[in-house]
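The sequence lines fix the lettering, A, B, ..., with proteins before strands; numbering per chain opens at 1. The analysis underlying the following values was restricted to heavy atoms, covering all of them including side chains, and did not include hydrogens, waters or symmetry mates.
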Amino acid sequence: MKVKIALAGNPNSGKTTLFNALTGSNQFVGNWPGVTVEKKEGKIKGYTAKGEEAVLVDLPGIYSLSPYTLEEVVSRNFLISEKPDAIINIIDGTNLERNLYLTTQLTELGIPVIAAVNMMDLVRKNGEELNIERLAKDIGCKVVEISALKGEGIDQLAQRAVAIAKSGKNVQPAHRFEGCVEHAIAHIEEAVTGHVDASMERWYAVKLFERDKKVQESLKLDKVTLDHIEEDILSCEKEMDDDAESIITGERYNYIGSIIEDCYKKRVKEQMSVSDKIDRIVTNRFLALPIFALVMFAVYYVSVTTVGNFLTDWTNDTLFGEWIIPAARSGLEAIGCAEWLTGLLVDGIISGVGAVLGFVPQMLVLFLFLAFLEGCGYMARIAFIMDRIFRKFGLSGKSFIPMLIGIGCGVPGVMASRTIENDRDRKMTIMTTTFIPCGAKLPIIALIAGALFDGAPWVAPSAYFVGIAAIVCSGIILKKTKMFAGDPAPFVMELPAYHLPTVENVLRSTWERGWSFIKKAGTIILLSTIFVWFAQSFGFEGGSFGMVEDMDHSILAAIGSAIAWIFTPLGWGDWKAAVAAITGLVAKENVVGTFGILYGFGEVAEDGAEIWGSLAGSFTQAAAYSFLVFNLLCAPCFAAMGAIKREMNNIKWFWFAIGYQTILAYTVALCVYQIGTLATKGTFGIGTVVAFVLIVGFLYLLFRPYKERGGSYLER
Amino acid sequence: MKTLKEAKCGQTVKVAKIHGEGAVKRRIMDMGITKNTEIYIRKVAPLGDPVEVTVRGYELSLRKADAEMVEVQ
């Protein structure tokens, strides 16, 4: 017999640990249909064979089943429409009151529930007592004591959960509300009888009482019934002097408050826990920022500068550069493989694979840090500390880490946005992270600074300034657009107690994120690398199509010439610059190398010192800075685009992000060139007018009034 | 009317009423800030906002703008 069991519980209740303990390695990670919320499924250990199977579906961590957040809606849609055979509700035993709040909602669904009170080892260690029998009676479902971390009670939980799933016996919620509320709900139950499944009458009645829009719409009740229901609600609201939604919430907590003394014995003397002591220092008024800076420095230093960089360089330069690629090339040549095929295999495919894998070691190091910071509870404190600054431009305090990592490389930077729970904040972070000049853009900065500005010391800092300004302005502009507008998710966030995460959880999270990068981002990186290789090495030469010696004759050069006019208003309508910008999509440092080849110098130094003269001849200062700005802000390299696609997990959002970045880059570069030319040469033309119009438009988007609140989070 | 926003660090206050409506109000209440709940104000973030409070035995952070919706005694 096959049963389906849902695992539900608050964030930070040890849900992931329990899921891993119950399923072991039988896991499948995907996404909930249509949304970016991750969905995990697994088979419960011990129930995989013998013709019986128990599938465990991990719901997102939620505090409630309200209609307002994505995670909650996903969870309740699953529970209502897919009707799992049972729900395992994991409860943090050290935080009973708030955790039981969700339980009171789950038991109303007409699905058998088993409550697993987790962290019982901690509860006992704290000298507190929990009477399981009484709790079971008071909440109306079976209760099991467990410690997911220590593996205590897991087998018992699995057995009981499968048993209740098979029995199909519903739970009856034990909690009751105030007299007049029950009265109104009873009336509503009568009204919906026949419209809904009998076991779910109470759930629907409570939701209709709360005026839950999503439930109202799904039931399609006639107007007479709705008016009738509304009357009941209004009279109850009048009696309780509150709105219906708040009445229910308050009543649930009142009930929990009334049972908690019955089954839970608190330690008599309140003393400071270890977590409190840590928090006193870590988020201290004066120490918080220095400690934050130190932690961030450590993360950056290890994952970008030292270990991560070393591993990436080793993968790129030694593993692929010295071993695999030369070996493959000589091997292919030895067996007499055609030149074009060797090129395709080595320069196209193997280099493409290398481009994907090159990022992986660095990313794993970073993910290791992130998993640890999340697991130990510090990530929530980062949001707490940085919120004040970031929320002004529609970002989360947690956006700091992606931006910081973005200084080194945008790919892990974008991937680091995974730690932001809020969908809107995360999308905004993904879109803006690559504006920060990454390590690969430094050679372009050095090239432009050296060739046109005499190595002026202001050029490099100005690039970072442009990047930060782009983030701030984009944040403000985007949060006012339709795609992002509406209710900012309330920053009402739990600060979980500090604890050491388990090695298994940290490693598992690291691996899952790394693997999802390889799988989801890898394809786009590989394909685009192959395409550019092909366009670069093939073309018409001497009247026939084939591999070209001279890049001037390649397809890429043809494409460059064809699109060069687009960049004329930006001051660099030369096809060479267009081609350089395209190769920059493979990797930004290629821009310098491409200029080297196109100006006939072959291999050039990293800052392209050899071509400074040629470049100075074909660019004006304004044009060069415009070229720099465009390359800093436009669509990032293919690898970062792959990461963006992976993290957006939605093709429409992916193109929106890339399109926005490119349009912004084009606009800013155009203004830089036109205004720069006006300032230095006094040239005034159509372009200058367009630039001023664009600036006015930009300022309008930046300062236009906008309403901060209103509308549900999901109606956008 | 005194709100949670005005309460000082180290104080314990009792919730009188939650104002406002919709998602933010529901979220505040879902997290356990309901009528008659006791709230202990632990600290203010280094940059002045948000605040950290203890409610129902756990730590919660909320912005001052949202704390203003919570009327306290």
**Request:** Would you sort out whether Asp92(A) and Arg56(B) count as a salt bridge (Lys or Arg N to Asp or Glu O under 4.0 Å), showing the intermediate values?
**Result:** CA-CA 13 Å; Asp92(A) 175 359; Arg56(B) 296 186 189 270; over 6 Å; no

**Prompt:** Should Met493(A) and Leu62(B) count as side-chain neighbours, where that means a heavy-atom distance under 4.5 Å?
**Reply:** no

**Asked** Does Leu60(B) reach the side chain of Val492(A), with side-chain heavy atoms less than 4.5 Å apart?
**Response** yes

**Prompt:** Atom OH in Tyr58(B), atom CG in Asn10(A): separation rounded to 0.5 Å?
**Reply:** 8.5 Å

**Message:** I'd like to know if Glu245(A) and Lys25(B) make a salt bridge, using a cut-off of under 4.0 Å between side-chain N and carboxylate O.
**Reply:** no

**Prompt:** Given that the side chain runs from C-beta out, which part of Val55(B) has a heavy atom under 4.5 Å from chain A: side chain, backbone, both or neither?
**Reply:** neither

**Request:** Go through the steps for Asp242(A) and Lys17(B) under the test side-chain contact (heavy atoms from CB on, under 4.5 Å), then give the verdict.
**Result:** CA-CA 9 Å; Asp242(A) 213 340; Lys17(B) 193 173 169 65; 4.2 Å; yes

**Request:** Using the test side-chain hydrogen bond (donor to acceptor under 3.5 Å, both in side chains), find all partners of His175(A) that sit at least two apart in sequence or belong to another chain.
**Result:** Glu108(A)

**Message:** Suppose a student defines contact as a heavy atom less than 4.5 Å from any heavy atom of chain A. Which residues in residues 27-42 of chain B would they list?
**Reply:** Arg27(B), Ile28(B), Met29(B), Asp30(B), Met31(B), Gly32(B), Thr34(B), Arg42(B)

**Request:** Heavy-atom distances under 4.5 Å only: say whether Glu21(B) touches chain A with side chain, backbone, both or neither.
**Result:** neither

**Message:** Surrounding CD of Gln73(B) (heavy atoms of other residues, nucleotides or ligands, distance under 6.0 Å), is the total greater than 12?
**Reply:** yes

**Request:** Go through the atoms of Tyr101(A) and report whether side chain, backbone, both or neither lie under 4.5 Å from a heavy atom of chain B.
**Result:** side chain

**Message:** Which atoms of Glu494(A) are under 4.5 Å from chain B, going by heavy atoms: the side chain, the backbone, both sets, or neither?
**Reply:** both

**Request:** Of all the heavy-atom pairs spanning Ala45(B) and Arg285(A), show the shortest one and how long it is.
**Result:** O-NH2, 4.3 Å

**Request:** Go through Glu97(A), Arg252(A), Arg98(A) and name the one with the most non-hydrogen pairs under 4.5 angstrom from chain B.
**Result:** Arg98(A)

**Request:** With sequence neighbours excluded, tell me which residues meet side-chain hydrogen bond (donor to acceptor under 3.5 Å, both in side chains) with Asp212(A).
**Result:** Arg76(A)

**Prompt:** Under a 4.5 Å heavy-atom cut-off, does chain B meet the side chain of Glu251(A), its backbone, both or neither?
**Reply:** neither

**Message:** Looking only at heavy atoms and a cut-off of under 4.5 Å, which of Gly48(B), Ser61(B), Gly57(B) has the most pairs with chain A?
**Reply:** Ser61(B)

**Complete:** Taken in chain and number order and not counting sequence neighbours, the residues that satisfy side-chain hydrogen bond (donor to acceptor under 3.5 Å, both in side chains) with Thr54(B) are Glu59(B)

**Message:** Show, in sequence, the C-alpha distance, side-chain angles and deciding distance for Arg280(A) and Lys43(B), and conclude whether the side-chain contact (heavy atoms from CB on, under 4.5 Å) test is met.
**Reply:** CA-CA 9 Å; Arg280(A) 234 179 140 172; Lys43(B) 66 164 72 104; 5.5 Å; no

**Prompt:** Would you say Pro46(B) and Ile385(A) make side-chain contact, with heavy atoms under 4.5 Å?
**Reply:** yes

**Prompt:** Would you call Glu52(B) and Asp279(A) a side-chain contact if the rule is heavy atoms closer than 4.5 Å?
**Reply:** yes

